[in-house]
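Below is one structure, written out as structure tokens; comments come after it.
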Number of protein chains: 2
Amino acid sequence: MKEIDLRIVKTKGALQEALLSMLKDKPLHMISVTAICREAKINRGTFYMHYGKVEDLFEEYFKEIMKDLTDSYMEPYKHVQILLSNELDPSTIRIFHHVEKYKKFYRIIFSKYVPMAYYYLLFDQVNQLLNQDIDEKHHAENKNMFSAYQANAILGMIIEWHRQDFQKTATEMNNLFVEILNFHFRK
Amino acid sequence: MKEIDLRIVKTKGALQEALLSMLKDKPLHMISVTAICREAKINRGTFYMHYGKVEDLFEEYFKEIMKDLTDSYMEPYKHVQILLSNELDPSTIRIFHHVEKYKKFYRIIFSKYVPMAYYYLLFDQVNQLLNQDIDEKHHAENKNMFSAYQANAILGMIIEWHRQDFQKTATEMNNLFVEILNFHFRK
DNA sequence: AATTTTATTATACACATGTTCAATAAAATT
DNA sequence: AATTTTATTGAACATGTGTATAATAAAATT
């Protein structure tokens with residue numbers, strides 16, 4: 001039997017395309033299911049067959065971006081033979097460059113009208129990435145709490161970056177991050 | 001002239017009360033404007049005179065909670081004669097106790113269906129409170145970035161706390177916070 | 001190529017949204 | 001107490017939501 005029905009692929013593709021096209025004109029929370037279906041020439045009932053609301057359609061796209069975040073983060077590891085997880089240099093993380101690359105979408109993610117769901121997707125991803133590096137430094141019980149602290153601290157910088165309308169470059173953000181970490185260590 | 005029209009006070013009060021009462025049965029995102037107005041015996045048009053959507057009504061209530069957060073945070077300061085802003089002991093912060101107190105509402109705030117707006121209200125408040133303490137440690141330009149880092153780090157712990165369904169006590173959270181900070185300083 | 005499976009469509013329904021308007025009633029002002 | 005001001009009401013309207021149904025058409029299977 002076939003893995004996926006071609007009709008579903010076609011329908012989802014059309015809806016994705018329609019949404020992305022409409023996002024050039026309107027913010028996410030102003031786009032209705034009806035309008036997307038009109039644009040995509042897909043029956044509204046079909047939309048509800050695959051998604052529950054507009055945000056679910058966008059979420060599917062956002063998950064693609066989360067994949068790129070993982071790839072970006074992993075990138076520095078590619079250049080070393082042995083994986084020294086515990087010793088990743090903060091100056092080599094690529095998170096800020098990733099956000100800069102998808103600036104357009106992070107403006108949506110950080111919009112105040114958008115549900116928390118996207119933020120949590122992002123949080124989970126950063127959390128998971130950092131977790132590789134802070135293994136064993138804390139005992140298991142508090143590990144989650146520590147990585148939640150660390151991951152969300154970085155997201156705090158991105159929130160502030162977003163509020164400053166991404167004025168700083170990704171490299172400047174990285175330097176700032178290193179500076180803040182150094183401050184923490186030395187005090 | 002009168003500061004505020006009594007009719008407005010009455011209307012807003014009835015709507016607030018209706019929403020809070022309905023929140024015992026349903027999550028925020030399942031409560032419609034129509035249902036609130038039915039419950040409050042207020043015309044739907046009147047609702048739209050004061051609020052744009054259900055979330056705005058809840059936001060007004062949440063701002064009250066933000067006031068309590070400030071009061072809670074300030075509490076330790078009351079017991080010292082001279083305000084030594086720069087030297088607040090992390091073990092004396094009352095943020096976790098405040099969240100524990102309003103647990104019921106923070107479950108709403110951290111729900112994935114709720115707009116980012118509340119998170120930002122919380123972020124701003126914690127940010128502002130911490131800002132008093134980290135004055136002058138960084139030069140003005142990066143001060144915002146540093147406090148955003150710090151404030152959101154704490155919110156990260158609260159997110160994780162919420163995910164563990166507030167199993168830990170506020171005091172345990174405070175101890176963990178101190179432990180994490182110590183780890184940062186020593187390394 | 002014929003048959004089976006199932007995604008899509010068209011249509012309809014009850015309900016919610018967001019806005020507008022004239023009529024009303026409640027509060028503030030004189 | 002009479003008058004002015006304005007918040008509230010009731011009604012209507014176009015549009016959106018979410019769900020359900022039978023008819024259709026497209027893909028998968030034989």
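Convention: sequence-line order gives letters A, B, ...; per-chain numbering from 1. Quick caveat, the model's predicted, so the values are computed rather than measured.
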Under 4.0 Å between a Lys/Arg side-chain N and an Asp/Glu carboxylate O for Lys67(A) and Glu64(A)?
yes
Given that both distances must come in under 3.5 Å, which nucleotide forms a Watson-Crick or G-U wobble pair with dG18(C)?
dC13(D)
Provide the Watson-Crick or G-U wobble partner of dA28(D), both distances under 3.5 Å; none if there is no partner.
dT3(C)
Phosphate OP1/OP2 of dT8(C) contacted by His50(A) side-chain N/O (<4.0 Å):
yes
Round to the nearest Å and state the distance from Ile36(A) atom CD1 to dG18(D) atom P.
12 Å
What is the nucleic acid contact for Thr46(A), judged by heavy atoms within less than 4.0 Å: base, sugar-phosphate only, or nothing?
base
Length of the CG-C1' vector between Leu57(B) and dT17(C), whole Å:
16 Å
Just to be sure I understand the rule, does Ile4(A) reach a base, reach only the sugar-phosphate, or reach nothing, if contact means heavy atoms closer than 4.0 Å?
sugar-phosphate
Can you check the Lys41(B) NZ to dG10(D) P distance for me, whole Å?
12 Å
Indicate yes or no: does Arg94(A) engage Asp71(A) in a salt bridge with an N to O separation below 4.0 Å.
no
State plainly whether the residues Lys10(A) and Asp5(A) are in salt-bridge range, i.e. N to O under 4.0 Å.
no
What's the CG-C1' distance between Asp5(A) and dT29(D), to the nearest Å?
12 Å
Any side-chain N or O of Tyr48(A) less than 4.0 Å from the OP1 or OP2 oxygen of dG18(D)?
yes
In whole angstrom, give the distance that lies between atom NZ of Lys12(B) and atom P of dA7(D).
11 Å
Once you apply a heavy-atom cut-off of 4.0 Å, does Asn43(B) come out as touching a base, just sugar-phosphate, or nothing?
base
To the side chain of Ile42(B), which of dT17(D), dT9(C), dT9(D) is closest?
dT9(D)
Can you measure Lys10(B) atom NZ to dA26(C) atom P for me and round it to whole angstrom units?
8 Å
Is it the case that dA26(D) (base atoms only) and Arg7(A) (side chain only) share a donor and an acceptor within less than 3.5 Å, ignoring hydrogens and angles?
yes
Starting at CE of Met30(B) and ending at P of dA16(C), how long is that distance when rounded to a whole Å?
12 Å
Would you say a side-chain N or O of Ser32(A) is under 4.0 Å from OP1 or OP2 of dT15(D)?
no
Would you indicate whether the side-chain heavy atoms of Phe177(B) and Met145(A) approach each other to under 4.5 Å?
no
Taking the six-membered ring of Tyr120(A), is the NZ or CZ of Arg163(B) close enough (under 6.0 Å from the centre) and on axis enough (within 45°)?
yes
So, does Thr34(A) get its side chain near the phosphate of dT17(D), meaning an N or O under 4.0 Å from OP1 or OP2?
yes
Nearest-nucleotide comparison on DNA chain C, the residue closer to the 5′ end among Leu6(B) and Val54(B)
Val54(B)
dT8(D) OP1/OP2 closer than 4.0 Å to side-chain N/O of Thr11(B):
yes
Could you state the CE-P distance from Met49(A) to dT21(D), rounded to the nearest angstrom?
12 Å
Hey, is the side chain of Arg44(B) pairing donor to acceptor with the base of dG18(C) inside 3.5 Å?
yes
From CA spacing to verdict: side-chain hydrogen bond (donor to acceptor under 3.5 Å, both in side chains), Thr169(B), Glu100(B)
CA-CA 8 Å; Thr169(B) 67; Glu100(B) 192 175 53; 5.3 Å; no
